[in-house]
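Single-structure report; data block below.
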Amino acid sequence: DAGITQSPRHKVTETGTPVTLRCHQTENHRYMYWYRQDPGHGLRLIHYSYGVKDTDKGEVSDGYSVSRSKTEDFLLTLESATSSQTSVYFCAIGTSRTDTQYFGPGTRLTVL
Amino acid sequence: GENVEQHPSTLSVQEGDSAVIKCTYSDSASNYFPWYKQELGKGPQLIIDIRSNVGEKKDQRIAVTLNKTAKHFSLHITETQPEDSAVYFCAASVYGAGNTPLVFGKGTRLSVIA
């Protein structure tokens, strides 16, 4: 998985609780992405980062926030989890030299 | 924004036969088209990609073709094997001065029957 880890790998939480997912890379890549995967929707972009403290919204950003205080870590926070945020979340990384992206192993989140 | 359509959603082939998955895109500015394979419980894995200055690319049993005029690209897998069974995603992006977000198709579940 190209030096990408995600934690936790599985999480079950209750509606209304805050949740933070972590993506950690050892590749020193500038770009990091959060996508969610749902049946019938493929992968959709939530937020991405093009450098430390530089982030932008994606197609499905409502209800999510992100932070990137150092190159290797990109955090995704659900301020108040809802059942519609039950999904599998994937982190991806990329460099500025190419258009290629590599994906992490994913985090399965269930919001009850 | 970009929209990527992928067909078929499911595909079953006999071992040894060929499989073809097709995608269309809407943004003529898109210039990078990767294909990912996703096995159960794992993250998507890049298997092949093509850029808009190339019409076809091959890597052993896998090939991708691109028709910029019609705005469609296809994945071809020859001599399929049971280990090719997985979900395949196409994607598109506009690569410029840096890495850019991918827009994905909804996926094709390929089953190779032994």
Side-chain angles (χ1 to χ4, degrees), chain A residues 1-7 9-10 21 23 25 27-51 54-61 66 71 74 87-108, chain B residues 1-10 21 23-27 29-54 57 59 64 66 86-109:
Chain A
D1 291 323
I4 309 169
T5 57
Q6 293 186 231
S7 58
R9 293 294 314 280
H10 301 271
L21 309 183
C23 177
Q25 58 144 330
E27 306 294 326
N28 200 34
H29 283 358
R30 176 182 174 188
Y31 294 82
M32 297 186 76
Y33 303 86
W34 278 108
Y35 295 89
R36 61 177 286 176
Q37 183 176 32
D38 304 288
H41 289 278
L43 290 99
R44 294 178 292 174
L45 180 70
I46 306 171
H47 281 280
Y48 67 103
S49 170
Y50 46 96
D54 292 323
T55 64
D56 206 349
K57 296 180 179 180
E59 175 190 357
V60 291
S61 61
V66 291
T71 299
F74 192 31
S87 187
V88 181
Y89 292 85
F90 288 100
C91 173
I93 64 174
T95 75
S96 55
R97 296 187 303 278
T98 78
D99 29 30
T100 307
Q101 290 182 24
Y102 299 97
F103 282 77
T107 293
R108 181 173 296 276
Chain B
E2 176 66 281
N3 182 52
V4 177
E5 299 283 343
Q6 182 172 347
H7 299 281
S9 56
T10 61
I21 303 171
C23 289
T24 60
Y25 60 99
S26 61
D27 188 349
S30 289
N31 56 11
Y32 175 62
F33 307 94
W35 286 89
Y36 287 85
K37 175 183 180 182
Q38 186 178 28
E39 298 176 335
L40 192 62
K42 296 186 177 181
Q45 179 184 14
L46 179 69
I47 56 172
I48 195 168
D49 56 15
I50 192 167
R51 294 167 179 84
S52 59
N53 58 345
V54 176
K57 183 177 179 180
D59 183 2
V64 58
L66 171 65
V87 179
Y88 292 81
F89 292 96
C90 63
S93 71
V94 181
Y95 176 69
N99 209 285
T100 53
L102 295 169
V103 177
F104 285 86
K106 294 182 179 180
T108 296
R109 182 174 300 278

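Proteins get letters first, then strands, A, B, ... in listed order; numbering begins at 1 in each.
- Remark: B:F89 CZ to A:F103 CZ distance equals 9.5 Å, nearest 0.5 Å.
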>> Run the side-chain contact (heavy atoms from CB on, under 4.5 Å) test on B:L102 and A:Y35 for me, step by step, so that the C-alpha distance in whole Å, both residues' side-chain angles and the decisive distance to 0.1 Å come before the verdict.
In response: CA-CA 10 Å; B:L102 295 169; A:Y35 295 89; 3.7 Å; yes
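- Contacts between B:P101 and chain A at a heavy-atom distance below 4.5 Å involve backbone atoms as well as side-chain atoms.
- Neither the backbone nor the side chain of A:R44 comes within less than 4.5 Å of any heavy atom in chain B.
- B:Q45 CD: 12 or fewer foreign heavy atoms inside a 6.0 Å radius.
- The residue among A:G40, A:A92, A:G106, A:C91 with the most heavy atom pairs within less than 4.5 Å of chain B is A:G40.
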> Going through the distances and angles, do A:Y33 and B:N99 end up as a side-chain hydrogen bond (donor to acceptor under 3.5 Å, both in side chains)?
Replying inline: CA-CA 10 Å; A:Y33 303 86; B:N99 209 285; 2.7 Å; yes
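- Nearest heavy atoms, B:T100 versus A:Q101: O-NE2, 2.7 Å.
- A salt bridge (charged side-chain N to carboxylate O under 4.0 Å, His left out) check over residues 99-108 of chain A, counting only residues at least two apart or in different chains, returns the pairs A:D99-B:R51.
- With a threshold of 4.5 angstrom between heavy atoms, A:L45 approaches chain B through side-chain atoms but not through N, CA, C or O.
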Would you be so kind as to tabulate the donor-acceptor pairs closer than 3.5 Å made by side chains of residues 37-44 of chain B, with sequence neighbours excluded?
| residue | atom | partner | partner atom | Å |
| --- | --- | --- | --- | --- |
| B:K37 | NZ | B:E83 | O | 2.9 |
| B:Q38 | OE1 | A:Q37 | NE2 | 2.8 |
| B:Q38 | NE2 | A:Q37 | OE1 | 3.0 |
| B:Q38 | NE2 | B:K42 | O | 2.9 |

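- Proximity of A:T100 to B:Y32: side-chain heavy atoms (C-beta onward) are separated by under 4.5 Å at one or more points.
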